[in-house]
Protein chains: 2
Amino acid sequence: MSIRDLARHLDISIGTVSRALNGKADVNPETRERVLEAAKQLGYVPNQSGRSLRQGTTNTIGFMIESTIETVDNGGSFFMPVFEGVQSVFRRHHLDLVALLCGTDEDPASYLNRVVARRFVDGLIISATARSDPRIDFLLERKIPFVALGRSATKGDYPWIDLDFEGVASQAVQRLAGFGHRRIAIGTPASDINLGYLFLDGYRRALADHGIAFDPELVLPANGNEEGGYQVACALLAQNPMPTAIILVNENMAIGLYRRLHEAGIQPGRDIAVIGFRESTQSRFLSPTLTCFRISLRDLGIKLAEALLATLPAFASQYPREKVALIWPMELVPGESDGPMPSSAA
Amino acid sequence: MSIRDLARHLDISIGTVSRALNGKADVNPETRERVLEAAKQLGYVPNQSGRSLRQGTTNTIGFMIESTIETVDNGGSFFMPVFEGVQSVFRRHHLDLVALLCGTDEDPASYLNRVVARRFVDGLIISATARSDPRIDFLLERKIPFVALGRSATKGDYPWIDLDFEGVASQAVQRLAGFGHRRIAIGTPASDINLGYLFLDGYRRALADHGIAFDPELVLPANGNEEGGYQVACALLAQNPMPTAIILVNENMAIGLYRRLHEAGIQPGRDIAVIGFRESTQSRFLSPTLTCFRISLRDLGIKLAEALLATLPAFASQYPREKVALIWPMELVPGESDGPMPSSAA
DNA sequence: GTGAAAGCGCTAACAA
DNA sequence: TTGTTAGCGCTTTCAC
């Protein structure tokens, strides 16, 4: 069922059929009606390759995620709501969203190169930005519309949105300092991912603001998953005196941390203050509930989509915003896992 | 940078360039060398739309997932490892995997219709099969290669792989009955998803095998997430006498169930026996650890990919298997959350 | 308001 | 072994 078949069936030219289907003005309303009716009847949908070849656009947006140890296990719970938000915007513009999964054994930059060169997508959302990220230079140079979920030290004029890692670290320190804590540990990502630096920066600045000396011993790098949280707890327990508070950069860490603390008979909120990162369905059901930060991932997705649309030539007029460079705030959700200094340690 | 540019640059015909790049036999080794070298040099990658239009294939496989309440929150942790496995196979064949995300506000069947009609993908993996699933009829009728992750009552000759829900339910009942439990409750999905029926079937059969009467009061439907688990626990607590054991159909339920039990001062493994569904990074770090079932989602993905390849005309010769209809076994992982009947209730 | 025809990039059939 | 050319399905320009 090609446009030719449809035209033959209606006994009009394919040019007219095309124009009718694409809502061009110069077509008889009655003819259009007939065409649309027949298309529906016969289940005709234009072949995307034909359109793409002719128009040079694919009407498809790629959201690139890398399967790392952290995302394979848990990343889905972060990305799925974001996708949902992105898609809700794109659907209005008849753009399709596809998730581009860069495997663990493939270099992200060369994967991206392939996707772009094949003209697979009209625009891209990239995530997990590295401190120095060659993908950004590449996309800028090729003038491929994209938006980054995550900042990077890589320079250039491109839109990005990132979570407020410094703000989270800083709010957490402030809250804990207010409770009287001074030995505040921090669980950071073990990898080179950019957010780790931001998180640490916010932590250090907030410590300084509260006149607390920075102690490198209290920075505990680990993988951003349950296992990592378990190791962070081990590292905490090994210290003497043990820190009275811990801030985590990743929501999944909390699960493993809770486990190890439980094994040691230490209860969050009573014996140690714990502040997690992102509120998740899990964190709400931990016992005791986790003090953490709330964010609407769906809204984040919506904003990402809008930021990208503003850079797409075909849609820029509808989204005539400035280039987005946005640090997305996160809202503290108090739980039972932190509070005043345990009296024994005071 | 099109094939024409590349040919001009090398001063040979585009036909030769095409054949050289596609590894055809009838091309001078020296020429091929030059072509490949130049392509690399100039960063040439064939335009996918051009190829697709000509060949009628897109070299892309779609993995359709629906964003439901359950998958948006937690589905990622299930699907990501599956994707990784699928992709590891496809990469060898230069097939790209894209996740097709059917939004909550779109009908799965019509979404699929669009994807197929646009010729977006060469083959499909569909998931979350419904008891009666129109997508299956549609794909069979259109002769689109596909494999289903999940069984369905919809008839037809198509490959599918599914988790062994009956087996899990039956093993769980057997284990609990062996511990002396007789009032064994079950948390099932509230939706019409096919696996709910299978799970319940296995449960009922296993009860019968052990001479335990089926009590509809002990079937507790809920959403397959933390919230649902919480509600299941509420329902348990409301019964008098309370069931001595509970089997869950979903790993995320365990988190919420643990929370509610903890609030009530009831400890899994001591006061009630809990058997969860799939082992996850989280379940391993729950306290007490959850008795559940292990499955390699990556291997499942690999099998899915192979099953699909066997139905793709271009690859069938390399994967000449029978049509796959596979119930994937799951291996019991004993945890601390179940055990002999509590003496007080014995 | 409609039809005819060019051409997007590519591969495959055929000719040389 | 290489060059030439038709044509995949579609949109768009131009002529009518």
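Just the heavy atoms: all of them, side chains too, but no hydrogens, waters or symmetry mates, feed the values below. Residue numbering restarts at 1 for every chain, and letters A, B, ... go by the order of the sequence lines.
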Whole angstrom value for the distance that separates [atom2] of [N] from [atom1] of [X]:
{"X": "A:Ile3", "N": "C:dA5", "atom1": "CD1", "atom2": "C1'", "result": "14 Å"}
{"X": "A:Arg32", "N": "C:dG1", "atom1": "CZ", "atom2": "C1'", "result": "11 Å"}
{"X": "B:Glu33", "N": "D:dT1", "atom1": "CD", "atom2": "P", "result": "15 Å"}
{"X": "A:Asp5", "N": "D:dC10", "atom1": "CG", "atom2": "P", "result": "9 Å"}
{"X": "A:Leu21", "N": "D:dC10", "atom1": "CG", "atom2": "C1'", "result": "11 Å"}
{"X": "A:Lys24", "N": "D:dT11", "atom1": "NZ", "atom2": "P", "result": "9 Å"}
{"X": "A:Ile14", "N": "D:dC8", "atom1": "CD1", "atom2": "P", "result": "10 Å"}
{"X": "A:Arg54", "N": "C:dC10", "atom1": "CZ", "atom2": "P", "result": "16 Å"}

Check your understanding: In terms of side-chain geometry, is the basic nitrogen of B:Arg32 or B:Glu37 positioned less than 4.0 Å from the acidic oxygen of its partner?
Key ->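 Between B:Glu37 and B:Arg32 there is no salt bridge, as every charged N stays at least 4.0 Å from the carboxylate O atoms.
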Review point. Do the charged groups of B:Arg118 and A:Asp96 touch, with an N to O distance under 4.0 Å?
Key: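 Salt bridge between B:Arg118 and A:Asp96, a charged N being under 4.0 Å from a carboxylate O: yes.
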Nearest to the [X] side chain among [options], which nucleotide is it?
{"X": "B:Ser18", "options": "C:dT11, D:dG3, D:dT1", "result": "C:dT11"}
{"X": "A:Arg19", "options": "D:dC10, C:dG1, C:dA4", "result": "C:dA4"}
{"X": "B:Asn28", "options": "C:dA12, D:dT12, D:dT2", "result": "D:dT2"}
{"X": "A:Asp26", "options": "C:dT2, D:dT1, D:dT11", "result": "C:dT2"}
{"X": "A:Arg51", "options": "D:dT11, C:dG3, D:dT5", "result": "D:dT11"}

Point to revise | Derivation of the side-chain hydrogen bond (donor to acceptor under 3.5 Å, both in side chains) call for A:Ser152 and A:Asn194 | key: CA-CA 6 Å; A:Ser152 166; A:Asn194 196 38; 5.7 Å; no
Within the pair [X] and [N], is there a side-chain N or O less than 4.0 Å away from OP1 or OP2?
{"X": "A:Thr16", "N": "C:dG3", "value": "yes"}
{"X": "A:Asn47", "N": "D:dC8", "value": "no"}
{"X": "A:Thr31", "N": "C:dT2", "value": "yes"}
{"X": "A:Gln55", "N": "D:dC10", "value": "no"}
{"X": "B:Tyr44", "N": "C:dG9", "value": "no"}
{"X": "A:Arg4", "N": "D:dG9", "value": "no"}

Check your understanding: So what does A:Ser2 hit on the nucleic acid, given a heavy-atom distance under 4.0 Å: a base, only sugar-phosphate, or nothing?
Key ->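 Sugar-phosphate: the residue A:Ser2, judged by heavy atoms under 4.0 Å, touches backbone atoms but no base.
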Between [X] and [Y]: side-chain donor-acceptor atoms closer than 3.5 Å:
{"X": "A:Tyr44", "Y": "A:His9", "answer": "no"}
{"X": "A:Arg34", "Y": "A:Asn28", "answer": "no"}
{"X": "B:Thr16", "Y": "B:Ser13", "answer": "yes"}

Check your understanding: Going by modelled atom types, is there a donor-acceptor pair between the base of C:dG9 and the side chain of A:Arg118 at under 3.5 Å?
Key ->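 Flag unset: no donor-acceptor pair detected.
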Exercise for review: Select from B:Val17 and B:Leu53 the residue whose nearest nucleotide in DNA chain D is closer to the 5' end of that strand.
Suggested key: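 First, find each residue's nearest nucleotide; the 5'-ward one identifies B:Val17.
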